[in-house]
Number of protein chains: 2
Amino acid sequence: MTKFNLENAEAQMRKGILEYCILLTISRGEIYASDILKELKEDNLIVVEGTIYPLLSRLKTDGLLEYRWQESTEGPPRKYYKLTEEGKNSLNHLKKAWESLDKSIKSLTKKTS
Amino acid sequence: MTKFNLENAEAQMRKGILEYCILLTISRGEIYASDILKELKEDNLIVVEGTIYPLLSRLKTDGLLEYRWQESTEGPPRKYYKLTEEGKNSLNHLKKAWESLDKSIKSLTKKTS
DNA sequence: ACCCAGTACCTTGCACTACAAGGTACTATA
DNA sequence: TATAGTACCTTGTAGTGCAAGGTACTGGGT
């Protein structure tokens, strides 16, 4: 017997939005994975390492991101990511998609209340 | 070589939100699957049959929804769904989750611009 | 010299979701 | 008795996030 899992449902809600959030964060300037995680946590977005590394790799392979290595005095070298032109374009599209979705939900909520 | 697929990315964005949208729609009163689809399309939310039927079944199994059969003069009988008390509770939680997410994105966007 | 904590990268296997494609069955109309 | 329209449902696949684990660099303590 399955039981409705609210935490899971909320996690599902965050899915898919993540890509948009990461592109948004990188658009502010060069940044590396661990710091992206910290930034997102500050805005109450829960993400973990196992999620972000494969995602960054995929976005790099897809041509939305590029990176350079930089030495660190506090540990291993870091990969600093930034958006490519294509990445900036895609971010703009995702922004429109988000706004459209936001509008749809607001419309639905309005009808309901 | 994979290529970034914007439509897919936008579809991913809608994932997880769907459950919330369906509960919202049903909370307005008894309704059956095909009409839920029409309502969501009116608000620019793309959903298809193969998505909604398993989802409704799951929400019923989880105790968030209940339904009754009703004959139709225009075709086969329909399943009219409505929220249970637990369903109303979960909807409230999902609403809060959505608002939190919305807030996070707005905060991120603000920093960026 | 050695170990350990902290940082930063990455991979593998699993669970979950949406979708495409197909199927069943009822009604009304020609 | 076909055909179109409605409404239900299932199966297989692709894509995503996560938990858990692994590698490797730095610096501080003993």
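Reminder, nothing fancy here: chain letters follow the sequence lines and each chain counts from 1.
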Where along residues 96-104 of chain B does a heavy atom come under 4.0 Å from DNA chain C, residue by residue in number order? none
Compare side-chain N and O positions of R58(A) against OP1 and OP2 of dT16(D) and report whether any pair is under 4.0 Å apart. yes
I'd like to know if the side chain of R14(B) pairs up with that of Q12(B) as donor and acceptor (distance under 3.5 Å, no hydrogens or angles considered). no
Donor-acceptor pair under 3.5 Å: do we get one between E49(A)'s side chain and the base of dC9(C)? yes
Want to settle it: does T51(A) or G16(B) sit nearer the 5' end of DNA chain C, counting the closest nucleotide to each? T51(A)
Using atom CG of L56(B) as one end and atom P of dC9(D) as the other, report the distance to the nearest whole Å. 8 Å
Gap between atoms CD and P, on Q12(A) and dG15(D) respectively (whole Å): 17 Å
Check every atom of dC9(C), dT17(C), dA28(C) against the side chain of E19(B) and return the nucleotide holding the closest atom. dT17(C)
Would you kindly compare G75(A) and K15(A) by the position of their nearest DNA chain D nucleotide and give the one closer to the 5′ end? K15(A)
Nearest-nucleotide check on DNA chain D, P77(B) vs G50(B); residue mapping nearer the 5' end is P77(B)
Measure from CZ on R78(A) to C1' on dC25(D) and round the result to the nearest Å. 12 Å
Hey, does K38(B) have a side-chain heavy atom less than 4.5 Å from the side chain of D35(B)? yes
Would you mind classifying the nucleic acid contact of S57(B) as base, sugar-phosphate or nothing, using non-hydrogen atoms under 4.0 angstrom? nothing
What I'd like to find out is whether the side chain of R28(A) reaches to under 4.5 Å of the side chain of L108(B), using heavy atoms alone. yes
Between P on dC8(D) and CD on E74(B), what's the gap in Å once rounded to a whole number? 12 Å
Taking the side chain from S107(A) and the backbone from K103(A), do they hold a donor-acceptor pair closer than 3.5 Å? no
In whole Å, what is the span from the CE atom of M13(B) to the P atom of dT16(D)? 13 Å
Flag for D43(A)-S104(B): side-chain donor and acceptor within less than 3.5 Å: no
Does any non-hydrogen side-chain atom of L64(B) lie less than 4.5 Å from one of L83(B)? no
Would you mind reporting whether L65(B) and T84(B) have side-chain heavy atoms less than 4.5 Å apart? no
So if I take every side-chain heavy atom of V48(A) and compare against dC8(D), dC18(D), dT7(C), which nucleotide ends up nearest? dC18(D)
Quick one: are K41(B) and V47(B) in side-chain contact, heavy atoms under 4.5 Å? no
Taking OP1 and OP2 of dC19(C), is either one under 4.0 Å from a side-chain nitrogen or oxygen of R14(B)? no
Report yes if at least one side-chain N or O of N8(B) is closer than 4.0 Å to OP1 or OP2 of dA18(C); otherwise report no. no
Go through it in stages, so that I can follow the logic: the residues are I52(A) and L37(A), the test is side chain to side chain contact (heavy atoms under 4.5 Å, CB included), and I'd like the CA-CA distance, side-chain angles, deciding distance and then a yes or no. CA-CA 8 Å; I52(A) 206 171; L37(A) 286 178; 3.9 Å; yes
In this structure, how many angstroms lie between the P atom of dT17(C) and the CG atom of L94(B), rounded? 12 Å
If you check the P76(B) side chain, which of dC8(D), dA7(D), dC18(D) turns out closest? dA7(D)
Spacing between E7(A) atom CD and dG17(D) atom C1', to the nearest angstrom: 15 Å
Check DNA chain C against residues 27-41 of chain A and give the residues with a non-hydrogen atom under 4.0 Å, in numerical order. Y32(A), A33(A), S34(A)
Taking the cut-offs as 6.0 angstrom to the six-membered ring centre and 45 degrees off its axis, would you call K79(B) and Y67(B) a cation-pi pair? yes
What is the distance from CD1 of I52(B) to C1' of dA7(D), rounded to the nearest Å? 12 Å
